[in-house]
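Since this is a predicted model, take the numbers as computed values, not measurements.
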Amino acid sequence: MGETPSGVRVRGTTRGLAPGDDYDHFCDSLASVYVGVQPRRPALDRFDADFSLYRAGPTDIGVISTPGVNARRDRGSIARMPDDAVFINHSLKPWGLSQRGRTWDVAARSATVLENALPFDVLTDKRRRLDLVTVRIPRDQLAPRTLRELPSLGDRLARTPLGAQLGAQVGLLAHAAKADLTRVAASMSRSVIELLDAFAVDDPDPAAPVRADALRTYARSRLGDPHFDLAAMARAFGCTPRTIQNAFARDGDTFSGWLRAERLDRAREELGGAGRGRSLAAISRSSGFADTGTFHRAYRERFGTTPGADR
């Protein structure tokens, strides 16, 4: 399946436009991602909004900051503009979502999913701005099991640490897109899809053990961060370090051993491919090693040779 190249699609603002024109410009600019989603026209004269749209791998990303107005996708809009994409929405502030006859209060820094083929309402606090990141996923990119589980995923994301875990991943993806790290954003977009697929097969019991496959999917998106370690993973998943260790132990592994092996495998892949023109120090840093000495020692221990010999 072909993909549009990653990168910036639209960056804009409505500030400085005439009242009325600002609202129309915002709706028109975002129509390709937020298909058929209509924010309410504010009672105030102005609609000061900032927005960016990005392409990242198989997904589109919308980053918006708007006045605190609700938004709706109704049956009339669905009939006029059919679209069956799945949205993951994430905000640093609390907000609300209503779909399938249910209403969820989404916590700050959490995330939830909605289906653009069904009516919904985005509910905001009118006293403050809405800052929202949306990942638009084509339906054919999700596993069949995930599509079947979509009706229950909203509840699971709202009442378990899964929502915060997904929100952390979406926040990192948005950061990569805004920094124009197109290759990183494309890779992370696929990690978001894999994470959602992993959640769909996970045990919905919030007391159930954390699954190592969900942990691995998230950790792979953080391999290049030298500060990412066991404690950071536990914070992201809202659990203790021992819980993480136990999840890996069930597969006969340790988190630290697995993480180092993944970082070294990434470094070796770069040495033999796209990273041929980069320095060893740069490859070491992008693989998550804080210093080259540690990288060289770990590389020799794992592969029995030096990084330079593998170029």
Side-chain angles (χ1 to χ4, degrees), residues 27 30-40 58-62 64 66 68-126 130-171 189 192-208 211 214:
C27 294
L30 273 66
S32 63
V33 172
Y34 297 88
V35 177
V37 184
Q38 191 78 6
R40 294 187 186 275
T59 70
D60 291 294
I61 304 166
I64 63 173
T66 74
V69 296
N70 293 346
R72 167 170 288 186
R73 168 95 153 139
D74 59 24
R75 295 191 183 280
S77 168
I78 292 170
R80 291 190 304 273
M81 291 169 282
D83 179 59
D84 65 355
V86 174
F87 291 171
I88 302 176
N89 285 340
H90 161 67
S91 178
L92 297 179
K93 303 172 184 176
W95 59 288
L97 172 66
S98 177
Q99 189 170 58
R100 294 180 180 272
R102 300 290 307 278
T103 298
W104 295 277
D105 294 319
V106 185
R109 300 181 182 275
S110 190
T112 195
V113 296
L114 62 86
E115 298 179 72
N116 207 35
L118 300 175
F120 65 83
D121 287 278
V122 172
L123 310 172
T124 68
D125 184 340
K126 297 176 174 58
L130 172 66
D131 298 313
L132 192 69
V133 175
T134 298
V135 181
R136 172 189 168 83
I137 306 173
R139 203 173 185 86
D140 62 6
Q141 295 292 323
L142 294 170
R145 171 65 181 266
T146 304
L147 295 174
R148 292 195 299 271
E149 293 294 324
L150 283 174
S152 65
L153 270 177
D155 280 336
R156 294 166 60 185
L157 292 170
R159 66 184 176 86
T160 71
L162 299 181
Q165 296 158 24
L166 186 60
Q169 180 73 7
V170 170
S189 73
V192 166
I193 294 171
E194 290 173 5
L195 195 60
L196 195 61
D197 285 340
F199 289 164
V201 300
D202 211 350
D203 193 325
D205 181 358
R211 290 174 61 98

* T59 and V192: side-chain contact (heavy atoms from CB on, under 4.5 Å), yes or no, with the steps? -> CA-CA 10 Å; T59 70; V192 166; over 6 Å; no

* Would D131 and S91 count as a side chain to side chain donor-acceptor pair (under 3.5 Å) if you check the C-alpha gap in whole Å, the side-chain angles of each, and the deciding distance to 0.1 Å? -> CA-CA 6 Å; D131 298 313; S91 178; over 6 Å; no

* Asked: Can T112 and W95 be said to form a side-chain contact (heavy atoms from CB on, under 4.5 Å), step by step?
  -> CA-CA 11 Å; T112 195; W95 59 288; 3.8 Å; yes

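Listed here is the closest heavy atom pair of A143 and D197: N-OD1, 3.3 Å. The nearest pair of heavy atoms linking Q141 to I137 is CB-CG2, 4.0 Å. Residues S77 and G36 approach most closely at OG-O, 2.7 Å, considering heavy atoms. Listed here is the closest heavy atom pair of P119 and Q99: O-CG, 3.3 Å. Shortest non-hydrogen contact noted between P138 and P58 is CD-O, 3.2 Å. Annotation for H90 and A111: closest pair CB-CB, 4.1 Å, computed over non-hydrogen atoms.
To the nearest 0.5 Å, atom CG of residue L114 and atom CG of residue L153 are 12.0 Å apart. Taken from CG in L132 to CG in N89, the straight-line distance is 4.5 Å, to the nearest 0.5 Å. In this structure, L130 CG and L123 CG are separated by 10.5 Å, a value rounded to the nearest 0.5 Å. The line from NZ of K93 to CZ of R109 is 11.5 Å long, rounded to the nearest 0.5 Å.
By the 6.0 Å contact criterion, CZ on R139 is enclosed, its count of non-hydrogen atoms from other residues, nucleotides or ligands being greater than 12.
Between the S98 side chain and the D121 main chain, no donor and acceptor come within less than 3.5 Å of each other.
Contact of the V37 side chain with the F120 side chain is registered, since non-hydrogen atoms from C-beta on lie closer than 4.5 Å. Side chains of Y34 and I64 form a contact here, defined as non-hydrogen atoms less than 4.5 Å apart. Two residues are said to be in side-chain contact when any heavy atoms from C-beta on lie closer than 4.5 Å; S110 and L157 fail this criterion.
Partners of K126 according to the side-chain hydrogen bond (donor to acceptor under 3.5 Å, both in side chains) rule, which considers only residues two or more places apart in sequence or in another chain, do not exist here. By the salt bridge (Lys or Arg N to Asp or Glu O under 4.0 Å) test, R148 pairs with no residue at all, sequence neighbours left out.
With respect to the salt-bridge test (charged N to carboxylate O, under 4.0 angstrom), the residues R102 and D155 qualify.
Checking L195, I88, V135, L196 one by one against Q169, the side-chain contact (heavy atoms from CB on, under 4.5 Å) holds for a single residue, L195. If you run salt bridge (Lys or Arg N to Asp or Glu O under 4.0 Å) between E115 and each of R73, R136, R100, only R100 comes through.
For the residue pair T124 / N70, a side-chain donor-acceptor distance below 3.5 Å is found, with atom types taken as modelled.
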